[in-house]
Amino acid sequence: MNFQKDKNRVRSETMQKKHILAGTIFLHGMNDMHSTALPTIIPMLAQSISLTLSQAGFLSALFGCMNMFAQPILGYIADRMRRPWFAVWGPLLSITGAAILPMVPNFGTALLCVGMMSFGTSLFHPQGTGSCGAAAPTGTLAFYLSLFQASGTFGSAIGPIYVVFMISMVGKHIFPCIVIPIAFLICLFLWRDLGEVKDAETIAAAKDSHGKFFGNIKFIMGKVGWIVALTTVRDAVYQSIKIFLPTLIIMQGGTIAAGGLTLFVITFASSVAAIVGGKLADKIGDEKVVFTALAAAPIFLGLGIRDSSVLCTTALVIGYVFLQASTPVTTAMSQKRCPEMRGMITSFSNGVSWGLANLLVTPVGIIADHIGLQETLNIVAFVPWIVTLWHFVFIFGKKKTIQ
């Protein structure tokens, strides 16, 4: 009798974990499909409310900064919650802001909508990533985090196309009337389906860990500070080339359509690369995948930005594949070091590093104004070798110490 009860309990727990994995992976795609629509909506606002370039830049900065500062706090709170309040209802806030944004009457309302989008995204990511990692079966952490990452990347890839298509089909005033109710019903269903994502023991461990909020930050940076630095470098390269790539393609004689198509191919390929990188990391080891990928990426990125030929574009896509193959792996590395604080530690290895990377794009633009875009991106392409050099120095120093 007890054996049967234990068997049923294990089966129930396994099914619950599968629901958590499926739910958080789906929610990531749904959230990022809407939260990354800002660049597509900005041209609409330029026409409807005469949005200036400076105002557009401020909207983008608001989105990045709120994610960078809000995610650690929200991750700290999420680690102490049984039910996935943030992971389920955060995307609804992102979707509501994105759906209303195209029809705002003034810049102040646009700020409010972008604030909703960024806060919803900040709510979702720490708890969503942490819940996915906690529910992953033993030995498959990097793989399931890669599925989580790929879902968000794929959502980001189709988001601009989806928003433009929907608005062109139903109009910007009907768009929120359709999208928001559907999103609410989906979130309500997942809220009922996911149940509790943490048990009392896990929450107690989070509450007892390393004191209050700033004590947790100090402990986390001691554990994964070097991973945060690594991901900041990687994400800065990813963002810098991606943001300026359409402009570079036009300067090289290409078209806006060619730039958009290249970005779509890069983003789609990146979602596949994340899955491959995660699966490979579970088989051969996290650090091998991360440092090999970052060492290989500059070779192809450097070739890829030379011109807009098929050969160079293919090389550029391969370079991005290597960059993104390491993304879920660094998240897995962080969570393995602090499993009792998955939400908060993810907010640093993902959210803070992504926010810092976006800020680092500004000096790249300033340098490009002085020495030229092609020359600047040639330098940016090889920045990941800073991580490679650091790794070799660290390994050499470690071997010397052992001897």
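Please read these numbers as outputs of a predicted model, since none were measured by experiment. Just so it is clear, the values below take in all heavy atoms, side chains as well, and ignore hydrogens, waters and symmetry mates.
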Problem set entry | Q149 vs T331, side-chain contact (heavy atoms from CB on, under 4.5 Å): CA-CA, chis, key distance, verdict | CA-CA 10 Å; Q149 173 70 29; T331 305; 5.6 Å; no
For this session: With side-chain contact (heavy atoms from CB on, under 4.5 Å) as the test, would you mind laying out the steps for V290 and V329 before giving the verdict?
Result: CA-CA 7 Å; V290 169; V329 188; 3.6 Å; yes
Problem set entry | Intermediate values then yes/no, side-chain contact (heavy atoms from CB on, under 4.5 Å), F300 and Y320 | CA-CA 8 Å; F300 295 97; Y320 265 97; over 6 Å; no
For this session: Given side-chain contact (heavy atoms from CB on, under 4.5 Å), test V352 with Q71 step by step and report yes or no.
Result: CA-CA 8 Å; V352 172; Q71 282 202 34; 5.9 Å; no
For this session: Determine, step by step, whether S94 and S35 satisfy the side-chain hydrogen bond (donor to acceptor under 3.5 Å, both in side chains) criterion, reporting the C-alpha distance in whole Å, the side-chain angles of both residues, the deciding distance to 0.1 Å, and the verdict.
Result: CA-CA 6 Å; S94 299; S35 67; 5.4 Å; no
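Pairs passing the salt bridge (charged side-chain N to carboxylate O under 4.0 Å, His left out) check and including a residue from residues 265-286, sequence neighbours excluded, read D286-K336. Screening residues 327-346 for ring pair (Phe, Tyr, Trp, His ring centres under 6.0 Å) gives no qualifying pairs among residues at least two apart or on separate chains.
The number of heavy-atom neighbours closer than 6.0 Å to CZ of F154, taken from other residues, nucleotides and ligands shown, is 12 or below. Atom CZ of F119 is surrounded by 12 or fewer heavy atoms from other residues, nucleotides or ligands within 6.0 Å. Counting heavy-atom neighbours within 6.0 Å of R337 CZ, excluding the residue itself, gives a total above 12.
Atom SG of C312 is separated from atom CG of D307 by 3.5 Å, given to the nearest 0.5 angstrom. Note that CD of Q324 is 7.0 Å distant from CG of D235, once rounded to the nearest 0.5 Å. Taking CD1 from I345 and CD from Q335, the interatomic distance works out to 8.0 Å, rounded to the nearest 0.5 Å. Rounded to the nearest 0.5 Å, atoms CG (L38) and CG (L101) are 6.5 Å apart. Considering CG of L93 and CG of L123, their distance stands at 6.5 Å, rounded to 0.5 Å. With values rounded to the nearest 0.5 angstrom, C177 atom SG is found 5.0 Å from I174 atom CD1.
Two rings, from F124 and F86, have their centers 6.0 Å or more apart. Residues Y162 and H34 place their aromatic rings such that the two centres sit under 6.0 Å apart.
When all heavy atoms of S240 and L377 are compared, the closest pair comes out as O-CD2, 4.2 Å. Shortest non-hydrogen contact noted between A98 and P102 is O-CD, 3.1 Å. The two residues T24 and C132 make their nearest non-hydrogen contact at OG1-CB, 3.6 Å. Taking all atoms of both residues into account, the shortest heavy-atom contact from L316 to I241 is CD1-CG2, 4.3 Å. M116 and G97 get closest at one heavy-atom pair: CE-N, 4.0 Å. Counting all heavy atoms, side chain and backbone alike, T140 lies closest to A136 at OG1-C, 4.1 Å.
Partner Y238 forms a side chain to side chain contact (heavy atoms under 4.5 Å, CB included) with one of V233, T327, V380, L323 and no other, that one being L323.
Judged by distance alone, the side chain of S50 and the main-chain N or O of A46 form no donor-acceptor pair under 3.5 Å. T267 places no side-chain N or O within 3.5 Å of a backbone atom of A157 that could act as its donor or acceptor partner. A donor-acceptor pair is defined here as one N or O able to donate and one able to accept, closer than 3.5 Å; such a pair exists between the side chain of S347 and the backbone of M344. Within the 3.5 Å criterion, the main-chain N or O of S156 finds no donor-acceptor partner in the side chain of D32. Here the side chain of T313 pairs a donor or acceptor atom with the backbone of S309 at under 3.5 angstrom. Although no hydrogens or angles enter the test, the distance criterion places no donor-acceptor pair under 3.5 Å between the side chain of S131 and the main chain of G128. S151 places no side-chain N or O within 3.5 Å of a backbone atom of L147 that could act as its donor or acceptor partner. The backbone N or O of A150 lies less than 3.5 Å from no partner atom in the side chain of S271, so there is not a single donor-acceptor pair. Between the side chain of T292 and the backbone N or O of V289 there is no donor-acceptor pair closer than 3.5 Å. Side-chain atoms of Q252 come within 3.5 Å of backbone N or O of I305 as a donor-acceptor pair.
Taking 4.5 Å as the limit, some side-chain heavy atom of L45 sits within range of a side-chain heavy atom of S48. Taking 4.5 Å as the limit, every side-chain heavy atom of F268 sits out of range of all side-chain heavy atoms of T153. R234 is listed as a side-chain neighbour of S326, based on a closest heavy-atom distance under 4.5 Å. Residues F348 and P72 meet the side-chain proximity criterion, which asks for heavy atoms closer than 4.5 Å. Between C187 and M30 the shortest side-chain heavy-atom distance falls below 4.5 Å. Between R83 and W191, some side-chain heavy-atom pair lies under the 4.5 Å cut-off. Here the side chains of M333 and E287 are in contact, with some heavy-atom distance below 4.5 Å. Taking the side chain as every heavy atom from C-beta outward, I379 and I371 approach each other to under 4.5 Å.
For the pair R192 and F189, the cation-pi criterion (under 6.0 Å, within 45° of the ring axis) is not fulfilled.
Ring geometry, W89 versus F184: the interplanar angle falls from 30° to 60°, so the pair is classed tilted. Ring planes of F148 and H125: perpendicular class, angle over 60° (limits at 30 and 60°).
Counted by atom type alone, T129 and T346 present zero donor-acceptor pairs between their side chains at under 3.5 Å. A donor and an acceptor atom, one from each side chain of R342 and S334, are nowhere located under 3.5 Å apart.
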